Amino acid sequence: MRVPLSWLREYVDLPATETGRDVQAKLVSAGLEVERVEQLGADLKGPLVVGQVLTIEELEGFKKPIRFCTVDVGTANGTGEPQEIVCGARNFAVGDKVVVVLPGAVLPGNFAIAARKTYGKTSHGMICSGDELGMGDDGSGGIIVLPPEHEVGTDAVELLELVDEVLDIAVTPDRGYALSMRGVAREAATAYGLPLRDPALLDVPGPNAFGYPVQVSDPQGCDRFTARTVTGLSPEARSPIWLQRRLQKAGMRPISLAVDITNYVMLELGQPLHAYDRSRVQGAIGVRRAEPGEKLTTLDGAKRTLDAEDLVITDDRGPIGLAGVMGGANTEIDDTEGTTTEVVVEAAHFDPISIARTARRHKLASEASKRFERGVDPEATSAAAQRTVDLLVLLAGGTADGGVTEVIAPSAPRTISIPANHPDKVAGVDYGRETVVRRLQQVGCDVYGQDELIVTVPSWRPDLTDPNDLAEEVIRLEGYENLPSTLPKPPAGLGLTDRQRLHRRVGRALAGAGYVEALNYPFIGEPVFDQLGLAADDPKRRVVKLVNPLSDEEPALRTTLLPGLLQALRRNDGRGSHDLALFETGLVFHPQDELRVAVRLPVDRRPTDEEIASLTDALPVQPRHAAVVLAGAREQAGWWGKGRPADWADAVESARALAREAGTELRVRQGQYGPWHPGRCAELAVVVDGAERVIGYAGELHPRVVKALGLPARACAMELNLDVLEQASAGLPKGPHVSTFPVATQDVALVVSRDVPAADVEAALREGAGELLESIRLFDVYEGEQLGEGRKSLAYALRFRADDRTLTVDEASAARDAAVALAGERAGAVLRS
């Protein structure tokens with residue numbers, strides 16, 4: 001919300017010495033997010049005056065149309081003689097009043113004006129457009145043509161209100177009232193302790209039977225609808241300069257008088273309005289839900305297919321507007337033809353949730369929907385309609401029709417019971433009853449009672465629903481900066497859980513191995529599953545969808561960490577970082593088999609264990625995963641050697657590192673799943689309660705996945721379930737026992753069939769060697785003609801050691817032979833001669 005300071009002063013008598021920065025500080029202290037203060041016209045220097053075009057000479061022989069003009073600027077140039085100016089614009093004629101900047105002036109952007117020779121003529125100044133004066137887009141796209149009543153030589157800086165300060169406020173969803181001058185003025189008045197001139201306090205006639213007929217079929221979707229009619233409008237009437245300038249400063253483009261007035265009142269009171277050309281409305285105006293498949297062409301020219309949940313405005317022909325979002329083209333006020341002389345003004349209050357869903361469903365965010373979905377004051381509809389009627393009568397020469405239509409669904413004011421000392425308990429500050437009552441009254445509440453206060457919430461604050469909301473209002477108005485800083489005192493004996501310790505060890509282990517943590521948003525779009533090559537029945541395709549996603553392209557919660565990590569890999573590679581090793585640990589989300597509705601927890605007491613358990617049961621299943629992705633060089637080349645690229649073995653090793661941190665044995669074997677290359681994919685498993693469970697996969701990504709996601713060639717990845725890895729853990733890993741006795745090393749080279757996994761051979765050697773085996777390492781894999789077709793050689797280094805003695809050669813050899821024998825029995829391995 002852009003708030004011009006000059007406009008704000010109409011409702012609050014701010015001290016004349018207060019600058020925009022001062023007001024910003026006050027509003028920020030009151031809890032509004034004022035992001036910046038824009039200084040309009042700060043670098044503007046006159047003379048800038050009103051001039052009248054006397055003559056226009058068309059200059060020939062140039063690539064674009066050029067005009068040599070003489071302009072009467074009165075005595076502003078010091079001589080009273082006509083000012084000679086060269087101009088390329090063509091949207092003005094002889095006799096028009098224009099804005100002229102004279103030599104010696106400086107326009108926004110430090111653009112100095114001086115007499116200069118151009119196109120064979122000397123131009124003494126410039127005829128200005130809105131963009132050149134920093135006014136923004138006025139819709140004309142050319143020179144400013146002023147109404148004829150302005151005197152020649154008048155100071156245009158003051159006339160066009162070019163010098164001002166504008167507060168740019170980021171309005172949070174719970175403070176919809178701040179999307180209006182009325183709401184911001186109330187906060188400013190409270191912050192300065194000054195009275196507020198409420199623009200909504202107008203004399204409004206009561207409803208009668210002579211108003212335009214309105215039928216509301218859905219009172220839940222529309223609980224208030226006010227209709228007023230104005231006749232006898234002058235088709236030639238245009239928005240005055242002050243109205244256009246206020247709209248421009250607030251960030252809106254002037255369009256036509258009737259539309260500008262409805263936008264002006266919306267900015268002033270926060271109530272969106274719509275004006276219909278009465279001659280184009282057929283029959284009574286209705287409010288109902290759309291019929292499935294109904295069509296509506298909105299004001300932006302788009303033809304839309306309506307949903308059964310859409311709330312629409314209708315006449316006898318069908319839908320004429322998307323309620324609370326945008327009007328229809330078939331009842332639009334068309335000022336280009338100058339035929340609209342009668343309008344019907346609509347001021348209604350619609351259900352915020354319905355409007356928000358409609359705006360998102362049609363991807364049609366508007367100024368009206370932005371306000372309705374945050375909450376609009378339902379009591380302001382009559383005042384907003386009256387204000388619109390008054391301005392149409394004043395500026396367009398219209399006549400207010402005596403008929404007034406109001407459709408109101410019965411509703412009672414909201415009341416909240418709150419102990420007078422509740423804000424004191426929440427803030428840890430002794431405010432006292434008097435301060436609490438005063439602050440709540442400044443918000444607009446009616447307060448009764450002594451120790452127990454009965455608070456009636458104002459209609460413009462739908463966000464105030466419970467005692468804690470009222471406590472927050474007291475605290476913010478008293479000043480968050482005045483809250484004391486106190487450190488919490490945790491009870492003794494609490495610390496990290498085993499799960500938290502494992503997560504920290506995992507992060508440190510991966511960081512120590514050269515991986516960089518990359519945190520990603522947990523949102524995905526379902527098309528990514530096709531890019532990852534997941535089967536149609538893959539469990540990862542079952543997702544939890546968000547009702548109100550940040551992006552319609554990513555409406556679901558992730559079931560795997562890979563999409564976010566691979567996107568980060570692609571982004572970094574595209575920006576020149578080609579040697580990458582990234583990791584992430586985080587939650588993934590799987591829907592429950594049975595949908596449960598979450599209970600709403602109380603805020604006035606601690607929830608019971610049963611309530612917390614019920615809430616937890618309604619949540620999706622949220623295991624924690626760990627994942628890594630690699631691309632480019634794993635070891636850099638240099639004087640020490642050639643270096644090497646990252647490959648599938650690095651991805652597998654990252655999984656082994658995590659298993660070591662968990663103090664458990666990871667079983668690695670050849671696998672095949674989704675995004676991984678079928679010949680370079682390892683399946684990762686652990687034993688939990690005597691049963692083996694697959695916890696993830698590691699290896700090189702499939703070329704089709706690499707191409708679909710735009711990844712570097714030969715990219716690798718690993719992902720596993722940390723929660724299951726923790727279940728397989730024996731607890732904190734113990735430090736290694738260091739024996740004082742020497743090690744005995746035995747090397748064996750075994751020939752097996754090419755399709756026998758090395759992991760199976762290693763498992764047999766480990767089991768056969770017995771308790772004397774300290775470690776085993778595969779140090780060579782060889783395939784050649786002398787081994788025979790379909791055979792390979794695996795060379796292992798076996799280290800034997802005893803805790804209580806030095807092993808003899810015979811003991812080491814016996815252990816080796818037992819290991820080889822079991823490998824031969826299970827894997828068909830034979831010693832290579």
Side-chain angles (χ1 to χ4, degrees), residues 174 176-177 180 182-183 198 200-229 269-274 284-290 308-314 321 323-325 344-358 368-369 371-389 402-418 440 443-449 453-467 469-470 600:
D174 62 328
Y177 68 91
S180 68
R182 180 194 185 200
D198 191 345
L201 295 181
L202 301 174
D203 292 330
V204 179
N208 53 51
F210 309 108
Y212 198 92
V214 174
Q215 299 173 351
V216 178
S217 303
D218 190 339
Q220 289 186 337
C222 176
D223 56 2
R224 280 179 178 266
F225 195 107
T226 300
R228 300 287 299 276
T229 303
L269 302 182
Q271 168 66 51
L273 302 106
H274 191 71
I285 292 177
V287 183
R288 61 170 172 82
R289 299 288 173 174
E309 292 188 7
D310 291 336
L311 199 64
V312 292
I313 310 297
T314 65
V325 180
V344 178
V345 177
E346 165 208 308
H349 182 263
F350 302 111
D351 174 51
I353 296 177
S354 176
I355 301 305
R357 289 177 176 173
T358 296
S369 67
R371 285 165 172 80
F372 276 123
E373 66 188 25
R374 285 166 171 79
V376 168
D377 182 5
E379 302 289 341
T381 56
S382 299
Q386 182 63 46
R387 177 69 165 145
T388 304
V389 169
V404 178
T405 302
E406 282 195 3
V407 179
I408 302 176
S411 63
R414 288 177 294 114
T415 60
I416 301 172
S417 178
I418 174 176
L440 291 179
V443 171
C445 301
D446 293 329
V447 186
Y448 305 95
L453 303 179
I454 304 300
V455 181
T456 302
V457 176
S459 57
W460 58 83
R461 292 301 301 272
D463 57 302
L464 303 181
T465 59
D466 55 60
D469 293 332
L470 300 179
R600 180 169 183 175

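Source: prediction; values computed, not measured. Numbering starts at 1 and runs along the sequence shown.
- Panel note: side chain N208, backbone G402; a donor-acceptor pair is recorded below 3.5 Å.
- Under a 3.5 Å cut-off, the side chain of T405 and the backbone N or O of Y212 do form a donor-acceptor pair.
- Atom CZ of R387 is separated from atom OG of S382 by 15.5 Å, given to the nearest 0.5 angstrom.
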Dump the intermediate steps for side chain to side chain contact (heavy atoms under 4.5 Å, CB included) on D218 and R288, then the final yes or no.
CA-CA 5 Å; D218 190 339; R288 61 170 172 82; 5.6 Å; no
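- Taken to the nearest 0.5 Å, the OG1 atom of T358 stands 10.5 Å off from the CD atom of E373.
- The side-chain contact (heavy atoms from CB on, under 4.5 Å) test with W460 singles out one residue from R182, E379, Q271, and that residue is R182.
- With values rounded to the nearest 0.5 angstrom, H349 atom NE2 is found 5.5 Å from D223 atom CG.
- Distance check, rounded to the nearest 0.5 Å: CG of D377 to CG of L269 gives 9.0 Å.
- Nearest heavy atom pair, residue F225 against residue A348, reads CD1-CB, 3.7 Å.
- Using a 4.5 Å heavy-atom threshold, the side chains of C222 and F350 count as touching.
- Residues I313 and V287 meet the side-chain proximity criterion, which asks for heavy atoms closer than 4.5 Å.
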Could you give me the CA-CA distance, side-chain angles and deciding distance for I416 and D466, then say whether side chain to side chain contact (heavy atoms under 4.5 Å, CB included) is met?
CA-CA 6 Å; I416 301 172; D466 55 60; 5.5 Å; no
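- More than 12 heavy atoms of other residues, nucleotides or ligands lie within 6.0 Å of CD1 in I454, so this atom counts as buried by the packing criterion.
- The two residues V204 and A383 have their closest heavy-atom pair at CG2-CA, 4.1 Å.
- P467 and I418 make their closest contact through O-CD1, 3.7 Å (heavy atoms, listed as atom of the first residue, atom of the second, distance).
- A distance of 9.0 Å separates CG of L470 from CG of L453, quoted to the nearest 0.5 Å.
- Residues passing the ring pair (Phe, Tyr, Trp, His ring centres under 6.0 Å) test with H274, sequence neighbours excluded: Y276.
- Of all heavy-atom pairs spanning V404 and P205, the tightest one is CG2-CG, 3.9 Å.
- D469 and R461 are not joined by a salt bridge, as no carboxylate oxygen comes within less than 4.0 angstrom of a charged side-chain nitrogen.
- For the residue pair R289 and S354, a side-chain donor N or O sits within less than 3.5 Å of a side-chain acceptor on the partner.
- For the atom pair OG1 of T314 and CD of Q215, the computed distance is 8.0 Å after rounding to the nearest 0.5 Å.
- Within the 3.5 Å criterion, the main-chain N or O of L464 finds a donor-acceptor partner in the side chain of R414.
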